[in-house]
Q: 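So that we are looking at the same thing, I have put the structure below in structure tokens.
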Amino acid sequence: RRVHGDVLKQEHRFIRTEEDDQVEEEFMTWRKAFARKYYDKLFKEFCIADMSLYKEGKLGLRWRVEKEVIIGKGQFVCGNKKCDEKENLKSYEVNFSYFEDGKQKNALVKLRLCFKCAAKLHHHFPSALKDL
């Protein structure tokens, strides 16, 4: 029997499209309905970043949950999940390229970062650092 976490791993989409839910509503599987319900609860204005592998050019992004919105994480507090800086935040639009469901996808997302974390974001693009 699958647990909810397993279902979300299989059915969740970073950005859901109508195609993702394109089974007739009355025949929607409970798995798809569960994933859709979870997706609808996410706050999709700003992302939270996992920058633990930034030196390898890897960046993990996810949407904020209600608790993070309430405390301002990702908007009034730096969007790096391991940083709590509240001063001198800047907004960045990032072309996030990722693999999902065996396909390469892209999404333009917004991040709010402090200077130190913005430098991590631009680690592999030194010429961009002068614009920080």
Side-chain angles (χ1 to χ4, degrees):
R1 183 172 189 205
R2 292 190 175 178
V3 294
H4 291 145
D6 292 335
V7 170
L8 281 178
K9 284 180 185 177
Q10 186 177 18
E11 298 291 338
H12 179 70
R13 301 290 178 263
F14 186 71
I15 300 205
R16 287 193 84 82
T17 64
E18 289 181 20
E19 291 176 0
D20 293 324
D21 298 323
Q22 200 165 29
V23 292
E24 291 184 41
E25 198 68 33
E26 61 186 290
F27 297 113
M28 181 179 279
T29 66
W30 75 269
R31 293 175 18 221
K32 285 192 182 293
F34 181 74
R36 168 51 96 177
K37 187 175 182 180
Y38 176 79
Y39 181 81
D40 288 343
K41 287 183 178 182
L42 297 174
F43 293 82
K44 298 176 261 318
E45 183 179 359
F46 294 100
C47 282
I48 300 296
D50 179 346
M51 298 183 156
S52 58
L53 298 176
Y54 78 94
K55 289 182 181 178
E56 298 173 27
K58 296 179 181 179
L59 177 71
L61 294 176
R62 64 172 174 79
W63 298 119
R64 300 182 302 161
V65 295
E66 183 177 16
K67 179 181 174 186
E68 292 165 329
V69 172
I70 290 169
I71 64 171
K73 184 68 173 169
Q75 184 174 8
F76 305 114
V77 179
C78 181
N80 180 358
K81 76 176 196 174
K82 295 196 176 191
C83 180
D84 293 322
E85 182 62 49
K86 295 177 183 168
E87 302 294 322
N88 301 314
L89 302 179
K90 273 182 82 174
S91 294
Y92 298 89
E93 283 193 343
V94 177
N95 184 11
F96 182 50
S97 179
Y98 60 100
F99 282 96
E100 185 176 76
D101 203 23
K103 300 174 189 166
Q104 173 131 12
K105 298 182 179 184
N106 292 297
L108 192 60
V109 298
K110 288 194 285 187
L111 284 171
R112 295 268 300 158
L113 300 172
C114 68
F115 179 78
K116 182 179 168 187
C117 293
K120 292 178 182 180
L121 177 68
H122 294 95
H123 179 75
H124 285 284
F125 305 99
S127 61
L129 291 174
K130 65 182 176 190
D131 298 330
L132 297 179

Q: Just by modelled atom types, is the Cys78 backbone N or O under 3.5 Å from a matching donor or acceptor in the Lys73 side chain?
A: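 Such a contact is found between Lys73 side chain and Cys78 backbone.
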
Q: Kindly give the heavy-atom pair with the smallest separation between Cys114 and Leu89, and that separation in Å.
A: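 Nearest heavy atoms, Cys114 then Leu89: N-CD2, 3.6 Å.
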
Q: For Leu59 and Leu121, run side-chain contact (heavy atoms from CB on, under 4.5 Å): C-alpha distance rounded to whole Å, both residues' side-chain angles, the deciding distance at 0.1 Å, then the answer.
A: CA-CA 8 Å; Leu59 177 71; Leu121 177 68; 3.8 Å; yes

Q: For a 4.5 angstrom cut-off between non-hydrogen side-chain atoms, does Met51 reach Lys82?
A: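 No, their side chains stay 4.5 Å or more apart.
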
Q: Only one of Arg62, Lys120, Lys81 passes salt bridge (Lys or Arg N to Asp or Glu O under 4.0 Å) with Asp50; say which it is.
A: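 Of all the options given, the one that passes is Lys81.
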
Q: Which atoms form the tightest heavy-atom contact between Ala49 and Asn80, and what is the distance?
A: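 Distance-wise, the nearest heavy atoms are O-OD1, 3.4 Å.
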
Q: Can you check side-chain contact (heavy atoms from CB on, under 4.5 Å) on Arg112 and Val77, steps first, answer last?
A: CA-CA 8 Å; Arg112 295 268 300 158; Val77 179; over 6 Å; no

Q: Could you walk me through whether Leu111 and Leu61 pass side-chain contact (heavy atoms from CB on, under 4.5 Å), step by step?
A: CA-CA 9 Å; Leu111 284 171; Leu61 294 176; 3.8 Å; yes

Q: Is there a path from Val94 to Phe46 through hydrophobic residues (I, L, V, M, F, W, Y) whose side chains come within less than 4.5 Å of each other?
A: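 Different clusters: Val94 never reaches Phe46 through Ile, Leu, Val, Met, Phe, Trp or Tyr contacts under 4.5 Å.
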
Q: Side chain of Gln75, backbone of Gly72: donor and acceptor closer than 3.5 Å?
A: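 Here the side-chain-to-backbone pair does not exist.
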
Q: Does atom CD (Glu66) have a neighbourhood of more than 12 heavy atoms from anything else shown, all under 6.0 Å?
A: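 Not buried by this count: 12 neighbours or fewer within 6.0 Å.
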
